[in-house]
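Note sheet for the following structure.
Hydrogens, waters and symmetry mates are skipped; everything else that's a heavy atom, side chains included, is used.
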Amino acid sequence: DTEVTQTPKHLVMGMTNKKSLKCEQHMGHRAMYWYKQKAKKPPELMFVYSYEKLSINESVPSRFSPECPNSSLLNLHLHALQPEDSALYLCASSPGFGGPEGTQYFGPGTRLLVL
Amino acid sequence: LAKTTQPISMDSYEGQEVNITCSHNNIATNDYITWYQQFPSQGPRFIIQGYKTKVTNEVASLFIPADRKSSTLSLPRVSLSDTAVYYCLVGNGGGGSQGNLIFGKGTKLSVKP
């Protein structure tokens, strides 16, 4: 299995809702990532997990809360989002860090709309 | 963190060879150069990675001069389906380096019939 899967594909939520995005990989990768991508912009790094521990948080607002329950799963919990948080949320994984080990495999993304 | 500079856009025709150059003047000794392709509303897809000289795989070639301050992605005989945004990332991901995780603005390649 060489895929990164993300669910749901699309999500519409109100500003008072709580929702979660899910990402899964079964490639035995030790690093997992969340990116946010606005229309016509490059992906922006949000969080990095290494061996199931949060290693990088790019000053992301606390209304985004990542969780890594095990080495195959990565969640992004959403609460009290703003309309400007509407974007494509991408999950990625890599075997490790550095050089070829750092090559990232991306999921198809979750298209989020906050009303 | 090695900053990358690419052309914002390029146009080509089907069957032509396309070369996209990325400048990375402050590349570090341990940094690798990685290229990704992204179609609209999809996740980026790894194309090729290199450290020095030339790397070739089934879809592209990557040329890296001796000073490694730039690199060129070469796509042979492009087709309409190669229309996408191409990103060059530079870094090694080790020791806290995040260069290989930071996407620049990318190059939007448009292939015409």
Looking at every non-hydrogen atom in both residues, tell me the closest pair between B:Y36 and A:G102 and how far apart they are.
OH-O, 4.4 Å

Sub-3.5 Å donor-acceptor pair from the side chain of B:Q49 to the main-chain atoms of A:T103, do we have one?
no

Taking atom OG of B:S41 and atom NE2 of A:H10, what is their separation to the nearest 0.5 Å?
8.0 Å

Considering residues, nucleotides and ligands other than A:K38, do more than 12 of their heavy atoms fall under 6.0 Å from its NZ?
yes

Could you check B:F103 against A:E44 for side-chain contact (heavy atoms from CB on, under 4.5 Å), going step by step and ending with a plain yes or no?
CA-CA 7 Å; B:F103 284 76; A:E44 295 176 44; over 6 Å; no

Counting only non-hydrogen atoms closer than 4.5 Å, does A:Q37 touch chain B with its backbone (N, CA, C, O), its side chain (CB onward), both, or neither?
side chain

Ring centroids only, cut at 6.0 angstrom: are A:F106 and B:F46 within range, meaning strictly under it?
no

Same cluster or not: are B:I102 and A:V60 linked, directly or through other Ile, Leu, Val, Met, Phe, Trp or Tyr residues, by side-chain heavy atoms under 4.5 angstrom apart?
no

Does atom OH of B:Y13 have more than 12 heavy-atom neighbours from other groups under 6.0 Å away?
no

Less than 4.5 Å to any heavy atom of chain B: does that hold for the side chain of A:K40, its backbone, both, or neither?
neither

Between B:L75 and B:M10, is there shared hydrophobic-cluster membership here, with clusters defined by ILVMFWY side-chain heavy atoms closer than 4.5 Å?
yes

Sidechain-backbone polar pair: B:Y87 side chain, A:P43 backbone, donor-acceptor under 3.5 Å
no

Heavy atoms of A:L90 and B:P44 approach each other most closely as CD1-CD, 3.9 Å

Within one Ile-Leu-Val-Met-Phe-Trp-Tyr cluster: A:V4 and A:Y49, side-chain cutoff 4.5 Å
no

Give a yes or no on whether A:F64 and A:L54 share a hydrophobic cluster (residues Ile, Leu, Val, Met, Phe, Trp, Tyr; joining criterion: side-chain heavy atoms under 4.5 Å apart).
yes

Should A:L21 and A:M15 be counted in the same cluster of Ile, Leu, Val, Met, Phe, Trp and Tyr side chains packed under 4.5 Å apart?
yes

